[in-house]
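Lettering follows sequence order; numbering is per chain, from 1. No hydrogens, no waters, no symmetry mates; every other heavy atom, side chains included, goes into these values.
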2 protein chains.
Amino acid sequence: MLRAAVALADERGAEGLTMRKLATELGVEAMSLYNHVASKEDLLDGMVDIVFGEIDFSSDSPDWKAAMRQRAIATRNALLRHRWATGLMESRTNPGPESFRVHDAVLGCLRRAGFSLEMTVHAYSAQDAYIYGFALQEKTLVFDTSDEGAAEAARQMQEFEAVLADYPHLVEVVGGHVAKAGYNFDAEFLFGLDLILDGLDRLRGRN
Amino acid sequence: MLRAAVALADERGAEGLTMRKLATELGVEAMSLYNHVASKEDLLDGMVDIVFGEIDFSSDSPDWKAAMRQRAIATRNALLRHRWATGLMESRTNPGPESFRVHDAVLGCLRRAGFSLEMTVHAYSAQDAYIYGFALQEKTLVFDTSDEGAAEAARQMQEFEAVLADYPHLVEVVGGHVAKAGYNFDAEFLFGLDLILDGLDRLRGRN
DNA sequence: ACCTGAACACCGTTCAAGT
DNA sequence: ACCTGAACACCGTTCAAGT
């Protein structure tokens, strides 16, 4: 049932996930779901933990930076597969076992690498803020490649053009670089990630 | 009207903002709102732009790092005042003039500081992912100080205790540091922010 | 130009009743 | 133990009708 809910949200988005639609998907009436789940919030908790379960992170590597890098990439990939989960992963008040597993593994990796208690919290906080924040931005900025999407984008660009005269830097940077072919979210993600990891490496052992 | 909507969302949260409730707040029927707004999405666009309007950023400082730091803090403060906006700021497909103003000012500041086009995008992306991601985490983690909140927290802690034996690092780090008095979100935010800004400074002029 | 009553197509959820 | 029909209290939104 949780699996069906995840599949439905993957296909139709967060607002496409409805108790009624999920029920019909399962060949059942909406009210039957309440025999397996206390509420929709409860359902979402379970779904989020499934996504955490897809982040496989084996922390036994001797190279903490490589391990953290791999885990960050795995997290982002899981969020790309389940865009509806972005913004929900860190905002659930009832974390599940897979969430605990991942967090514990990350903290263990950092402690073993020689980070102090304080620095471990700093490192964890900075990395996760970045990972989830990047996914949040990417969720919107990814271009709709459908026909209507392209038409809509063209329409917006035209509408913007009159206004954009007031924002020269926006024009220069977006028009001159981001809108060009070759701009790559994967590379962008890795830039910021490595910036943080390198910075943390410099502070390892401190405090 | 937008102001009233923001006030209502500040008080009752995102899900407390309803066309019907907003209407009664304004002494009017729900359907009347559609004379001033095309839809609820349109309303949210306007509200988000009000929040962007509260981020005052004068980029004429010669010290780019100080300017970016101040702007990051101003952004976080705006999000603390309007928690419902976290997760919406970067996810609107119809950005308003205040959004353009802030983004243009940031890009201009970076360009003037000597960042290349490519590096400007990197710097902007890394910072904003961090700022909005941090706000997203903080939104949940901030403790409810009401009586029910405290009772709920105590209940959860007890419930968790049995499980936590499997997660030694979680126990060590959360129990030994984060749960202690003195843990401070402001300081945590600044740590990651300065980590990124210092890293960017090292790369300025490159590429 | 602005407001409204009635209505439509949805939500999540409860509860007594069925098997 | 699991399912269901009917119902409740909500949503956003449309539209013809009023001033």
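Within residues 10-30 of chain B, the residues having any heavy atom closer than 4.0 Å to DNA chain C are, in order of number, B:R20, B:V28, B:E29.
Looking at A:R101 and A:D56, no side-chain N of the basic residue comes within less than 4.0 Å of a carboxylate O on the acidic one, giving no salt bridge. A salt bridge links A:R92 with A:E41: at least one charged nitrogen is closer than 4.0 Å to a carboxylate oxygen. Using a cut-off of 4.0 Å between Lys/Arg side-chain N and Asp/Glu carboxylate O, B:D194 and B:R69 are scored as salt-bridged.
A close approach under 4.0 Å does occur between a side-chain nitrogen or oxygen of B:S32 and OP1 or OP2 of C:dT4. Residue A:H36 has no polar side-chain atom (N or O) positioned under 4.0 Å from OP1 or OP2 of D:dA1.
Between B:H103 and B:Y124, the ring-plane angle classifies as perpendicular under the 30° and 60° cut-offs. Taking the six-membered ring where tryptophan is involved, the planes of A:F189 and A:Y130 are essentially parallel, since the angle between them stays under 30° and well short of 60°.
Atom pair A:M31:CE and D:dT4:C1' shows a separation of 7 Å (rounding to whole Å applied). As a whole-Å value, the separation of B:K40 NZ from C:dC11 C1' is 12 Å. Between the CG atom of B:L43 and the P atom of D:dC11 there is a distance of 14 Å, rounded to whole Å.
You'll find that the side chain of A:N35 is closest to D:dC3, out of D:dC15, C:dC3, D:dC3.
In this structure C:dA16 sits in a base pair with D:dT4, meeting the Watson-Crick or G-U test at under 3.5 Å. A 3.5 Å limit on both hydrogen-bonding distances identifies no Watson-Crick or G-U partner for D:dA9.
Atom CZ in A:R76 sits 8.5 Å away from atom CZ in A:F185 (nearest 0.5 Å).
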